[in-house]
Each structure stands twice: as C-alpha cells, then as structure tokens.
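Report on the structure given below.
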Amino acid sequence: MSFDTNWDVEKYKSEFDAEDHWNLRKSFLLAHKDKYPEEKLICLAQVFYNVEFLGCRYPEKTMKLVEELSKDIAAEHREEKKSKLQRTFVTASDAAGARVKGTKHIK
C-alpha cells in the first residue's frame with residue numbers, strides 16, 4: 001500500500017517543542033513516513049512522545065506497535081539520556097523541612 005509522502009514533517013513542529021524532543025519525534029516521523037497515512041503517523045508519533053517523555057501508558061496493542069516502530073530511534077535517545085542530569089522529585093514537606101534546617105540535600 002502506498003501513501004502520500006509529499007507532506008512536510010516540519011509543519012508539526014510546535015514553537016513550544018524542546019529541540020531534542022522535536023528531533024526525536026521528527027526522526028520517528030521520517031523513519032515511517034512511507035508506512036502510514038499522515039494522520040495515523042502523527043498520532044503514533046505523539047503516542048511515542050507521550051510514552052518516552054511523559055511516561056504515559058496505552059493499550060497493549062498500541063504499546064507493542066509503538067515499541068516496535070521506535071526500537072532503533074529510542075535506543076539512541078535512551079543512551080544519551082543516561083548521561084544527562086536526572087530530575088528528582090521530593091514532597092513539598094521534605095523540601096520545606098530541608099529549607100528550615102538549612103540543608104541542601106534531601107534524603
């Protein structure tokens with residue numbers, strides 16, 4: 001089955017997209033542009049983004065499809081992510097307690 005591949009991937013970049021996030025989603029779009037109709041691929045790319053960056057979960061069938069489509073693309077991103085600073089979330093009460101005590105590190 002063939003699809004129209006003459007659409008511009010760049011039109012889906014938002015002014016609010018972080019550059020590395022957009023580059024990952026763009027890679028996903030370009031890798032599969034000839035396999036799915038534009039509307040479906042845009043949805044799959046958004047699901048990929050939501051899973052990768054927001055930790056969202058979807059029905060098993062959807063997760064398996066996106067996992068397969070993103071296998072090579074996500075692997076490189078995950079390796080890069082290992083060397084970056086990771087965020088740590090703490091409760092507001094722990095942060096307030098640390099501030100009162102004058103400590104910089106929260107356990």
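Keep in mind that the numbers below use all heavy atoms, side chains included, and drop hydrogens, waters and symmetry copies.
- Environment of CD in E10: crowded, with over 12 heavy atoms of neighbouring residues, nucleotides or ligands closer than 6.0 Å.
- In this structure, CG in N50 is found 10.5 Å from SG in C43, a value given to the nearest 0.5 Å.
- When all heavy atoms are compared, the tightest approach of S14 to D17 is N-OD2, 2.8 Å.
- Considering only heavy atoms from C-beta on, K26 stays 4.5 Å or farther from K13 through its side chain.
- Just one of L69, L29, L65, I73 meets the side chain to side chain contact (heavy atoms under 4.5 Å, CB included) condition when paired with F48; it is I73.
- Salt-bridge annotation for E68 and K64: absent, with no side-chain N of the basic residue lying under 4.0 Å from a carboxylate O of the acidic one.
- Follow the hydrophobic side-chain contacts under 4.5 Å out from F53 and you never reach F16; the two are in separate clusters.
- Crowding of K71 atom NZ: a count of heavy atoms from other residues, nucleotides or ligands under 6.0 Å not exceeding 12.
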Kindly determine whether Y12 and E38 satisfy side-chain hydrogen bond (donor to acceptor under 3.5 Å, both in side chains), including the steps that lead there. CA-CA 11 Å; Y12 291 101; E38 180 178 356; 2.5 Å; yes

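- Side-chain contact between V9 and F28: absent, with no pair of heavy atoms (C-beta onward) separated by less than 4.5 Å.
- In this structure, the separation between CG on L30 and OG1 on T5 is 11.0 Å, given to the nearest 0.5 Å.
- Y36 contributes atom OH, which lies 13.5 Å from atom CD1 of I42 (distance to the nearest 0.5 angstrom).
- For the residue pair Y58 and M63, the shortest heavy atom distance occurs at O-CG, 3.2 Å.
- Looking at H32 and L44, their side chains never come closer than 4.5 Å, going by heavy atoms from C-beta outward.
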